[in-house]
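Residue indices begin at 1 and follow the sequence shown.
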Amino acid sequence: MSEGDKIRVMIVDDVIDTRDQLEKLLFFEKDIEVVAKASNGREAIALARQHRPQVILMDINMPDMDGIAATEAILTNDPGIQVIIMSVQGETDYIRRAMLAGAREFLIKPISADDLYRSIRHVARLAMTRPIAPVGAPGGQVPGAQPTVDGQIFAVFSPKGGVGVSSIAANLAVAIRQQTNKKVALVDGNVIFGDLSVLLNLRTDKTILDVASRIEGLDRDLLNDVMATHPTQVKVLLAPPDPQRGELVSADHIRAILEAIRQEFDYVIVDTPASFQDRSLAALDLAQRVITLMTLEMHCIRNVKLFLEVADLLGYPNDKVMLVLNKATNRTGIRAEDVEKHLQRKLALQIGDAAQEMTLSINQGTPLVLAKPNHQVAKDIMNLARELVAKASKEAAAKESSKQRSGLFGNLIPRR
C-alpha cells in the first residue's frame, strides 16, 4: 500500500498515556497513519489545519477547550473530516451534543483494538463516499416513472439491542399487508447484522448491497429484481450476508433507497439498528413514525430516555415517536405506569411476552401473526398495525382536505 493510501489519523486527548496507547495500537496497521497528536481542543484545531487528517479521535473532557467545541470548530473549517468521539460510559449529555456537533461515531473507554480499527476504517469509507442526491429528478422520483404512491415509512427502532426489533418489524409488515392488502415493503436497515432472511425463511443472493452498488441506475425494475417476495406478498430488501459487505452501504444509500421504495409501496417498514449512527438516523429522519420498542429493564429505560432527548434535539415532533412496550410482563419489578412517569411520555401500546412462541416462530421462519394468529401477542401486533394504518389514513385525509381547501381558495383569487 502506498503512503497516499493510508488513512491519516489525529489523536486528541489530554492524557499523554492515552495518546501513546492509541498510537501504539495503530502503529502496525498498514493502512492507518497517525499524523498528529494534540492535548486539547485548541491545539487540535491548529494541528487539523496543518496536517489535514481524514479521521480525528477526539476525547470529550479536556482543559482549555473540550472535544465538543473543538469538533464544531474543526468541522466548520473542513466538513470532510470524520470525527470519532471518545467518552467514558454515562456521559449521555456529551453524546447528544457530540452528535449535533457532527461526530460520526462514539467509542466508550476503554477502547478495544478491534473497535478502534473498525471505527476508523468505517468513517474513512464514509468520507470517500460522495453524497448521493435523491434518486432521479427533484423530489426523489425514480427515473422514467411518475410515483404511483407516496408511501408511509415506519421505522421500528430501539436504542438498546435484544428487545425484539427485527421480530416486531417482520410481524408488523405481514400484519399491515393482511389488514390492508396494499403494497408493503420490509427493509433490513441493519446492514451489518441483519437477520430478516432467517426470520422470514427467505433464500436469495440479492441484497441491499446490489441496490447500493447500482445507485445511479436505481429504478422500479432494479427494486423488483433485488427485493425478495415473501409468501404473503410482502416485498423484502435483505441485508448483506456478512458485516464486511454491509459496511459498504452508506447512510446516503439508505436515504436514496427508502425514498425510491416509498414511491412504489403504500407502507415501508424498516428494521433499524440500535444505534445513533448515521445509517440509523437516515431511516429515522425519513420515517413518518418511529416505533420505539422498550422493555421493562433499567438499562433499556435509560437508553430510551436518552433517545427521547436526542429526538427532541433533532426536532422530531412528539407524535412521530411512538413508544411501544415489548415483552410486557409484571414479573420484572417495574410497572409500566412508573416508566411513563419517569419518561414523561405515554406508552402507545403494549405487546405481551411470548418468549417461547416467538423463538419457535423464528426458528421455523414463520412470523407469529401467521403461525399463531390467535395468540395474544399476535393480536397485540395486529393492534399496532391497525393503529399505524389508522393514523396514516387520517393524516393522508387531512392533507388531501388541506390541498382541496387551498385549491378552492386559489380559485377565488382573481387572476391579473
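Contact of the Arg386 side chain with the Gln179 side chain is registered, since non-hydrogen atoms from C-beta on lie closer than 4.5 Å. In this structure, the side chains of Val156 and Val270 stay at 4.5 Å or more apart for every pair of heavy atoms. Contact of the Met62 side chain with the Met58 side chain is registered, since non-hydrogen atoms from C-beta on lie closer than 4.5 Å. For the pair Met65 and Ile45, the minimum side-chain heavy-atom distance is below 4.5 Å. You'll find the side chain of Ile81 stays beyond 4.5 Å of the side chain of Gln54, heavy atoms only. When side chains are defined from C-beta on, Asp114 does not count as touching Arg118, because their heavy atoms never get closer than 4.5 Å. Considering only heavy atoms from C-beta on, Gln288 stays 4.5 Å or farther from Lys391 through its side chain. Residues Ile208 and Val191 have side chains in contact (heavy-atom distance under 4.5 Å, counting atoms from C-beta outward).
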>> Run the side chain to side chain contact (heavy atoms under 4.5 Å, CB included) test on Gln82 and Ile120 for me, step by step, so that the C-alpha distance in whole Å, both residues' side-chain angles and the decisive distance to 0.1 Å come before the verdict.
In response: CA-CA 9 Å; Gln82 310 295 301; Ile120 291 173; over 6 Å; no
>> Test salt bridge (Lys or Arg N to Asp or Glu O under 4.0 Å) on Arg279 and Glu247; report intermediate values, then the result.
In response: CA-CA 10 Å; Arg279 276 187 291 249; Glu247 289 281 5; 3.7 Å; yes
> Between Val184 and Phe265, does a side chain to side chain contact (heavy atoms under 4.5 Å, CB included) hold up when you go through it step by step?
Replying inline: CA-CA 6 Å; Val184 177; Phe265 292 85; 5.6 Å; no
> Could you walk me through whether Glu387 and Asn383 pass the side chain to side chain donor-acceptor pair (under 3.5 Å) check?
Replying inline: CA-CA 6 Å; Glu387 184 165 345; Asn383 287 337; over 6 Å; no
> Which is it for Asn77 and Arg49 under the side chain to side chain contact (heavy atoms under 4.5 Å, CB included) test, yes or no, and what are the steps along the way?
Replying inline: CA-CA 8 Å; Asn77 183 60; Arg49 289 196 185 100; 3.7 Å; yes
>> Run Thr272 and Ser280 through side chain to side chain donor-acceptor pair (under 3.5 Å) and show every step you take.
In response: CA-CA 6 Å; Thr272 312; Ser280 292; over 6 Å; no
> When you look at His253 and Ser250, which way does the side chain to side chain donor-acceptor pair (under 3.5 Å) test go after all the steps?
Replying inline: CA-CA 5 Å; His253 291 141; Ser250 71; 3.1 Å; yes
>> Is there a side chain to side chain contact (heavy atoms under 4.5 Å, CB included) between Ser197 and Thr204? Walk through the geometry before answering.
In response: CA-CA 8 Å; Ser197 59; Thr204 178; over 6 Å; no
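For the pairing with Leu237, the side-chain contact (heavy atoms from CB on, under 4.5 Å) check across Val226, Asp188, Leu196, Leu186 returns one residue only, Val226.
Listed for the Arg8 side chain is no donor-acceptor partner under 3.5 Å among the backbone atoms of Pro53. With His230 contributing its side chain and Thr232 its backbone, the two residues share a donor-acceptor pair below 3.5 Å. Remark: the backbone N or O of Leu347 is paired with a side-chain donor or acceptor of Glu340 at under 3.5 angstrom. The main-chain N or O of Asn318 is found under 3.5 Å from a side-chain atom of Arg345 such that the two form a donor-acceptor pair.
The pair Glu395-Arg289 meets the salt-bridge criterion, since a charged nitrogen lies less than 4.0 angstrom from a carboxylate oxygen. Residues Glu297 and Lys327 are not paired through a salt bridge, judged by the lack of any N-O separation under 4.0 Å between the basic side chain and the carboxylate.
Rounding to the nearest 0.5 Å gives a distance of 11.5 Å between CD1 of Ile11 and CD1 of Ile56. Of the inter-residue distances, the one linking Glu33 atom CD with Leu26 atom CG reads 11.0 Å to the nearest 0.5 angstrom. The distance from atom CG of Leu25 to atom CG of Leu116, rounded to the nearest 0.5 Å, is 6.0 Å. Remark: Leu222 CG to Arg214 CZ distance equals 4.5 Å, nearest 0.5 Å. Atom CG of Asp266 is separated from atom NZ of Lys183 by 7.0 Å, given to the nearest 0.5 angstrom. Between atom CG of residue Asn326 and atom CD1 of residue Ile168 there is a gap of 4.5 Å, rounded to the nearest 0.5 Å.
Of all heavy-atom pairs between Asp210 and Asp205, the closest is OD2-O, 3.9 Å. Considering every non-hydrogen atom in both Tyr267 and Ala392, the closest pair reads CE2-CB, 4.2 Å. Between Lys320 and Asp285 the shortest heavy-atom distance is NZ-O, 3.0 Å. Across every non-hydrogen atom of Ala274 and Gly161, the tightest pair is CB-N, 3.8 Å. The shortest heavy-atom contact between Ala256 and Leu218 is O-CD2, 3.9 Å. Across all non-hydrogen atoms, the minimal contact from Leu209 to Arg245 is CD2-CB, 3.7 Å.
Other residues, nucleotides and ligands place more than 12 heavy atoms under 6.0 Å from the CD atom of Glu337.
Qualifying side-chain hydrogen bond (donor to acceptor under 3.5 Å, both in side chains) partners for Asp312, counting only residues two or more places apart in sequence or in other chains: none.
For the residue pair Thr229 / Lys235, a side-chain donor-acceptor distance below 3.5 Å is found, with atom types taken as modelled.
For the side-chain hydrogen bond (donor to acceptor under 3.5 Å, both in side chains) condition, the pairs that include at least one residue of residues 155-176, sequence neighbours left out, are Ser166-Asp195, Ser166-Asp271.
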Going by atom type alone, with no hydrogens or angles, which donor-acceptor pairs under 3.5 Å involve a side-chain atom of residues 349-367 and a protein atom two or more places apart or on another chain?
residue	atom	partner	partner atom	Å
Thr359	OG1	Ala355	O	2.8
Ser361	OG	Met358	O	2.8
Asn363	ND2	Thr359	O	3.4

